Amino acid sequence: MGLGKTVQTVAMIAYLTEFKDAPGPHMVLAPKSTMSNWIKEFRKWLPDHRVIYVGGTKEERDDQLKNHVQPDKFDVVITSFEIVCREK
C-alpha cells in the first residue's frame with residue numbers, strides 16, 4: 001500500500017515551480033523498480049514539465065546525457081542511485 005510519497009514529491013515540485021519561482025531543474029533519485037511509476041505520475045500531474053529518465057545501457061545513458069540532459073532542455077530528471085554512482 002502506497003503512502004503517497006511520489007505524488008507528494010510531484011506536488012512539491014509543482015509548488016516550487018508555480019509559486020516559489022524555482023523552475024528547476026530538479027532531480028529525483030528513486031529505486032529502479034519505481035521509474036515507470038514516477039514518469040507516469042509526472043505525466044499525469046505535471047504534463048507541461050519536460051521530464052527525462054536517465055537509465056538503460058551505457059550507450060543509452062551516454063546518448064541521454066549528451067542530447068537531453070542539457071541546460072534549458074528539461075525540468076526534471078529521474079534516475080536511480082545506481083546510475084548516479086556509475087556516471088560519476
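Computed from heavy atoms alone, side chains included, the values below leave out hydrogens, waters and symmetry copies. Predicted, not measured: the structure shown is a model, and the values here were computed from it.
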Take a 6.0 Å sphere around CG of Asp72 and say whether it holds more than 12 heavy atoms from other residues, nucleotides or ligands. no
Any side-chain heavy-atom pair of Tyr53 and Met35 under 4.5 Å: yes
Here the pair of heavy atoms bringing Val69 nearest to Val77 is CG2-CG2, 4.4 Å
Please check: side-chain N/O of Glu60 versus main-chain N/O of Thr57, any donor-acceptor pairing under 3.5 Å? yes
Pair listing, side-chain hydrogen bond (donor to acceptor under 3.5 Å, both in side chains) test, anchored in residues 16-33, at least two apart: Thr17-His49
Using the test salt bridge (Lys or Arg N to Asp or Glu O under 4.0 Å), find all partners of Arg50 that sit at least two apart in sequence or belong to another chain. Asp75
Do the non-hydrogen side-chain atoms of Val10 and Gln8 ever get within less than 4.5 Å of each other? no
Lys66/Asp62 salt bridge by N-O under 4.0 Å criterion: no
Spell out, as yes or no, whether a donor-acceptor pair under 3.5 Å connects the side chain of Arg61 to the backbone of Gly55. no
Beyond-backbone contact of Asn37 with Thr6, side-chain heavy atoms, under 4.5 angstrom: yes
Is there a side-chain contact between Phe42 and Ile13 in this structure, where contact means two heavy atoms from C-beta onward sitting under 4.5 Å apart? yes
Got a donor-acceptor contact below 3.5 angstrom from the Thr79 side chain to the Val54 backbone? yes
Sorted by chain and number, sequence neighbours left out, salt bridge (Lys or Arg N to Asp or Glu O under 4.0 Å) with Asp63 holds for none
